[in-house]
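All chains are named by letter (A, B, ...) in the order of the sequence lines, taking the proteins before the strands, and each is independently numbered beginning at 1. Values below: all heavy atoms of this structure, side chains included; hydrogens, waters and symmetry mates excluded. The shown structure was predicted, so the numbers you read here are calculated from the model rather than taken from an experiment.
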Number of protein chains: 2
Amino acid sequence: MTVLTRKGEQTRLRIVTGAAAEIRERGVAAARLEDVMTRTSTSKSQLFHYFPGGKEELLLAVARHEADQVLADQQPMLGDLSSWAAWQQWRDSVVRRYLAQGQECPLNSLLGQSGSRSPGARAVTAELIRQWLEALVIGIHRMQAAGEIAAAVDAERAAAALIAGIQGGVIIFLSTGRITHLEAALDVGIEGLRASTRLF
Amino acid sequence: MTVLTRKGEQTRLRIVTGAAAEIRERGVAAARLEDVMTRTSTSKSQLFHYFPGGKEELLLAVARHEADQVLADQQPMLGDLSSWAAWQQWRDSVVRRYLAQGQECPLNSLLGQSGSRSPGARAVTAELIRQWLEALVIGIHRMQAAGEIAAAVDAERAAAALIAGIQGGVIIFLSTGRITHLEAALDVGIEGLRASTRLF
DNA sequence: CTAGAATTGGACCCGCAAGTCCAGAAATGG
DNA sequence: CCATTTCTGGACTTGCGGGTCCAATTCTAG
């Protein structure tokens, strides 16, 4: 697989998105290569042609794909957190995303399973978290510049806490079906930022 | 398995704790029955004698066991959140617990994987979260009674957000190795409660 | 002490899904 | 248009690991 032709590239992408869908529906553990083949109308040789490392390599590709998706789904809100209205819209988009997805977050299951093991998957997560954090920090800084958030607030820490809250909220939603925690984490987090100006 | 003799009970417990350890070290997906047998010096017939439902039933028992452990590890702090010093001690105990555990949270992996599927595992999580929430709510109420937290604070929501933050913080720690998020979630959460009295 | 239940050992079965292989079809570039 | 590379199909192998079975042994109660 030195160079991919256009057709090859299409097939590869089809496999990745198909595998992602399969994982979303059935979970990582239950996702079989054969199902991916059926769904994407490909044969085994194709899978191993594009992913010589087999299942593990495919899973990693899926993780990358889904990590991109997570951030993409929050745009354009995440990139322009310059007013409280924007923050609120972003909050809503996050809640909506997971409500719509309902079943399973492929990223979480991906990382919860083989993720912690393989260094590759770890890197994917770390990068996702980093980018996410960065976007939030920029948003907080912007609000600080506008005087809407106290300058004394540690933007990094606040953003880190917010992301943790989202992650946990999503996990709890996935495993109990209750969206309360995700909403609470977002709302409490944002309100904390809003209230900061009244504290100093 | 109508009635368990003392010996039987011991063996059963040995299997559960052994399986838990195995899962902690290798992850749910990679945990093989055979390894559990070796570690606990038991044979296959014993496994299926005590867990007729096979692996799934064993996993569920492990989940229950670990869920209890999660709360037990936070005691006695969690049960007596009646001063800011106590809150701080609780916070430290949570951080310490996961730092010490380092590798993998069996509960998270357990629930991240087959958890969302089997209704039994869902129930275990739901119950854990419920108890955890309850303990925090009681703590918040106590602090409100003492005038240390504003009465206007929605205890349920604040507790829900805090738990989400912890969960997410742990996940991020497990998959990136950075404890920052867990600490940030706890600290920001507690500080938010502390600051509440200055807002109303 | 003894009948019946609980417990234990380990050999065996079996299905599933990952991974291999090779031959043939399509595409690419000169 | 032809040589070379990329791409595709599907049959085959393989090993792993969950689950079954039965016979032997130990425990408990009356």
Side-chain angles (χ1 to χ4, degrees), chain A residues 1-23 25-63 109-110 113-114 117-118 120-121, chain B residues 1-23 25-63 109-110 113-114 117-118 120-121:
Chain A
M1 187 184 48
T2 48
V3 175
L4 285 180
T5 64
R6 171 173 311 193
K7 195 175 178 188
E9 201 126 15
Q10 282 179 345
T11 306
R12 203 196 118 101
L13 182 64
R14 191 154 40 94
I15 292 174
V16 171
T17 52
E22 204 64 33
I23 288 172
E25 289 174 21
R26 305 165 103 91
V28 190
R32 287 166 303 180
L33 251 40
E34 205 183 324
D35 294 333
V36 176
M37 285 159 53
T38 309
R39 177 187 282 256
T40 61
S41 305
T42 48
S43 68
K44 201 154 262 188
S45 69
Q46 283 165 287
L47 279 188
F48 283 85
H49 180 69
Y50 294 106
F51 306 95
K55 196 179 189 182
E56 191 178 327
E57 189 176 342
L58 173 58
L59 251 42
L60 190 59
V62 171
S109 42
L110 236 35
Q113 192 236 4
S114 61
R117 311 290 164 201
S118 83
Chain B
M1 188 184 46
T2 48
V3 175
L4 286 180
T5 64
R6 171 175 311 191
K7 196 174 174 188
E9 201 127 14
Q10 280 178 349
T11 306
R12 202 196 119 103
L13 183 63
R14 191 153 39 95
I15 292 174
V16 172
T17 52
E22 204 64 34
I23 289 172
E25 289 174 19
R26 306 164 103 91
V28 190
R32 288 165 302 178
L33 251 38
E34 206 183 326
D35 294 333
V36 176
M37 286 161 50
T38 308
R39 178 188 283 257
T40 62
S41 306
T42 49
S43 69
K44 202 157 261 187
S45 70
Q46 284 165 287
L47 279 188
F48 282 84
H49 179 69
Y50 294 106
F51 306 94
K55 196 179 189 181
E56 191 177 329
E57 189 176 341
L58 174 59
L59 250 43
L60 190 57
V62 171
S109 42
L110 235 35
Q113 190 236 3
S114 61
R117 311 290 165 198
S118 82

Starting the side chain at C-beta, find the nucleotide from [options] nearest to [X].
X: A:Lys55; options: C:dA18, D:dT8, C:dT8; result: C:dA18
X: A:Ser43; options: C:dT8, D:dT8, C:dA18; result: D:dT8
X: B:Tyr50; options: C:dA18, D:dG18, C:dT8; result: C:dT8
X: A:Arg32; options: C:dT8, D:dT8, C:dA18; result: C:dA18
X: B:Phe48; options: D:dT20, D:dG17, D:dT8; result: D:dT20

Mind calculating the distance between [atom1] ([X]) and [atom2] ([N]) to the nearest angstrom?
X: B:Gln46; N: D:dC21; atom1: CD; atom2: P; result: 18 Å
X: A:Glu9; N: D:dT8; atom1: CD; atom2: P; result: 12 Å
X: A:Leu33; N: C:dG19; atom1: CG; atom2: P; result: 7 Å
X: B:Glu34; N: D:dG15; atom1: CD; atom2: C1'; result: 12 Å
X: B:Ile15; N: C:dT7; atom1: CD1; atom2: C1'; result: 11 Å

Checklist entry - Hey, does the side-chain of B:Lys44 have a donor or acceptor N/O within less than 3.5 Å of a partner on the base of C:dG9? => result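 Donor-acceptor pair under 3.5 Å: no.
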Checklist entry - Within the structure shown, what part of the strands sits under 4.0 Å from A:Ala30 by heavy-atom distance: base, sugar-phosphate, or nothing? => result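 Nothing: the residue A:Ala30, judged by heavy atoms under 4.0 Å, touches no strand.
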